[in-house]
Amino acid sequence: MPFPAIQRLLRRFAPREEPCLRLMFSDPDPLVSHSAQYPEVPVPDDSRSLMFVAARWASHDLYGEDMPGVAADLLELGYDSPSLRRLAGEIEIHNSADAEPLVAKMFHELDVCYPSSERMSKLITSRQIAREVIAGLRDPWKAASDLGPVWQWQPGIPELQDIDSILDEADWSREHRRSSPELKVALLDAFARLGTMNIPEV
């Protein structure tokens, strides 16, 4: 069997069948909870908590144009500050740079530690995504793809490297990859490890 690097090169220049992963995205399985299989994985944190919103923003899992809606949701939950109200009504935000000064001021007014470590924010966001997969709130293949913009697949975190490897294998030709059910089990196992990851305080 050729080495993985050679396989990738051959796949790039040779005609091939539609990738397995693309098919999974176009026809996802119904969302179901996997909590019984992975009881060690805690339930997801409240996605509307200020600390989690701050982590998502710092890890680039939220975009500037998302923030007026997020601010409106926070107002409905009972949070309030001048910048939060202004952000909720803002209609001229087209990118994250537009939103950053107002978002930073909002977090300051609401006593949220910001800016926080970008790496810490990415870890918190990634662990939350994993817990949502196990809880049945996210499709595992779509969630695996969503981790890409957060990390740009930086090396050094085994749980993320496992997910990246599974995404890569899903794109291989049928004779060289595991079956779709086997890949999904491996992906859920990787998300379970990510969902139980201990994030040290810094």
Side-chain angles (χ1 to χ4, degrees), residues 19-63 66 69-70 72-74 76-79 112-113 116-172 177-202:
C20 171
L21 182 58
R22 201 170 297 155
L23 291 172
M24 292 171 186
F25 281 145
S26 63
D27 188 23
D29 293 332
L31 294 178
V32 295
S33 173
H34 305 282
S35 298
Q37 296 167 251
Y38 303 99
E40 71 280 9
V41 179
V43 297
D45 296 322
D46 187 341
S47 62
R48 303 167 302 172
S49 75
L50 285 173
M51 291 303 298
F52 185 60
V53 170
R56 289 187 67 198
W57 175 253
S59 64
H60 312 294
D61 188 46
L62 285 172
Y63 299 97
D66 298 325
V70 169
D73 290 342
L74 292 174
E76 287 185 9
L77 288 171
Y79 296 105
V112 174
C113 181
S116 58
S117 157
E118 183 175 347
R119 179 179 174 83
M120 178 68 68
S121 297
K122 288 179 177 184
L123 289 171
I124 292 169
T125 300
S126 301
R127 187 175 66 181
Q128 173 77 359
I129 289 172
R131 290 176 178 180
E132 289 176 356
V133 167
I134 300 303
L137 303 176
R138 283 184 184 246
D139 175 77
W141 292 105
K142 177 66 168 61
S145 178
D146 290 343
L147 288 171
V150 174
W151 284 99
Q152 299 299 318
W153 298 118
Q154 297 170 6
I157 301 175
E159 295 86 354
L160 291 167
Q161 290 175 329
D162 291 344
I163 291 170
D164 185 32
S165 295
I166 293 164
L167 282 177
D168 186 44
E169 184 179 347
D171 230 12
W172 296 358
R177 64 169 165 80
R178 289 172 283 182
S179 69
S180 296
E182 290 173 321
L183 284 173
K184 184 174 181 180
V185 168
L187 185 60
L188 290 172
D189 286 347
F191 271 122
R193 291 191 295 275
L194 183 59
T196 56
M197 179 177 57
N198 181 47
I199 301 177
E201 296 293 331
V202 293

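Here the structure is a predicted model, which is why all the values come from computation and not from measurement. In this chain, numbering begins with 1 at the start of the sequence shown.
- Note that CD1 of I124 is 6.5 Å distant from CE of M51, once rounded to the nearest 0.5 Å.
- Distance alone, capped at 3.5 Å, is enough to place a donor-acceptor pair between the Q128 side chain and the D45 backbone.
- The shortest distance between side-chain heavy atoms of L137 and L31 does not fall below 4.5 Å.
- Annotation for S126 and L147: closest pair OG-CD2, 3.6 Å, computed over non-hydrogen atoms.
- Donor-acceptor pairing under 3.5 Å is recorded for the side chains of E182 and S179.
- R48 has its side chain out of reach of V53: every pair of non-hydrogen atoms, C-beta onward, lies at least 4.5 Å apart.
- In this structure, the side chains of D189 and Y38 come closer than 4.5 Å at one or more pairs of heavy atoms.
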(message) Run the side chain to side chain contact (heavy atoms under 4.5 Å, CB included) test on V41 and S35 for me, step by step, so that the C-alpha distance in whole Å, both residues' side-chain angles and the decisive distance to 0.1 Å come before the verdict.
(response) CA-CA 7 Å; V41 179; S35 298; over 6 Å; no

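- Here the OG atom belonging to S165 is positioned 10.5 Å from the CG atom belonging to L160, to the nearest 0.5 angstrom.
- How far CG of D168 is from CD of Q161: 12.5 Å, rounded to the nearest 0.5 Å.
- When every heavy atom of V133 is checked against every heavy atom of A143, the shortest pair comes out as CG2-CB, 3.4 Å.
- Distance check, rounded to the nearest 0.5 Å: CD1 of I199 to CZ of R119 gives 10.0 Å.
- Here the CG-NE2 distance, from L188 to H34, works out to 4.5 Å after rounding to the nearest 0.5 Å.
- Of all non-hydrogen atoms in R127 and G195, the two that sit nearest each other are CG-O, 3.7 Å.
- The CD1 atom of I157 sits 6.0 Å away from the CE atom of M197 when rounded to the nearest 0.5 Å.
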(request) Determine, step by step, whether R138 and D146 satisfy the salt bridge (charged side-chain N to carboxylate O under 4.0 Å, His left out) criterion, reporting the C-alpha distance in whole Å, the side-chain angles of both residues, the deciding distance to 0.1 Å, and the verdict. (result) CA-CA 10 Å; R138 283 184 184 246; D146 290 343; 3.1 Å; yes

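- Taking 4.5 Å as the limit, every side-chain heavy atom of F191 sits out of range of all side-chain heavy atoms of T196.
- Pairing each heavy atom of A190 with each of I163, the nearest pair is CB-CG1, 3.7 Å.
- Between E40 and A192 the shortest heavy-atom distance is OE2-CB, 4.3 Å.
- The pair R56-D66 does not meet the salt-bridge criterion, since no charged nitrogen lies less than 4.0 angstrom from a carboxylate oxygen.
- Using modelled atom types and a 3.5 Å distance limit, the side chains of S59 and T125 yield a donor-acceptor pair.
- Across every non-hydrogen atom of A54 and V112, the tightest pair is CB-CG1, 3.8 Å.
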(request) Under the side chain to side chain contact (heavy atoms under 4.5 Å, CB included) rule, what do D73 and Y79 come out as? Steps first, then yes or no, please. (result) CA-CA 9 Å; D73 290 342; Y79 296 105; over 6 Å; no

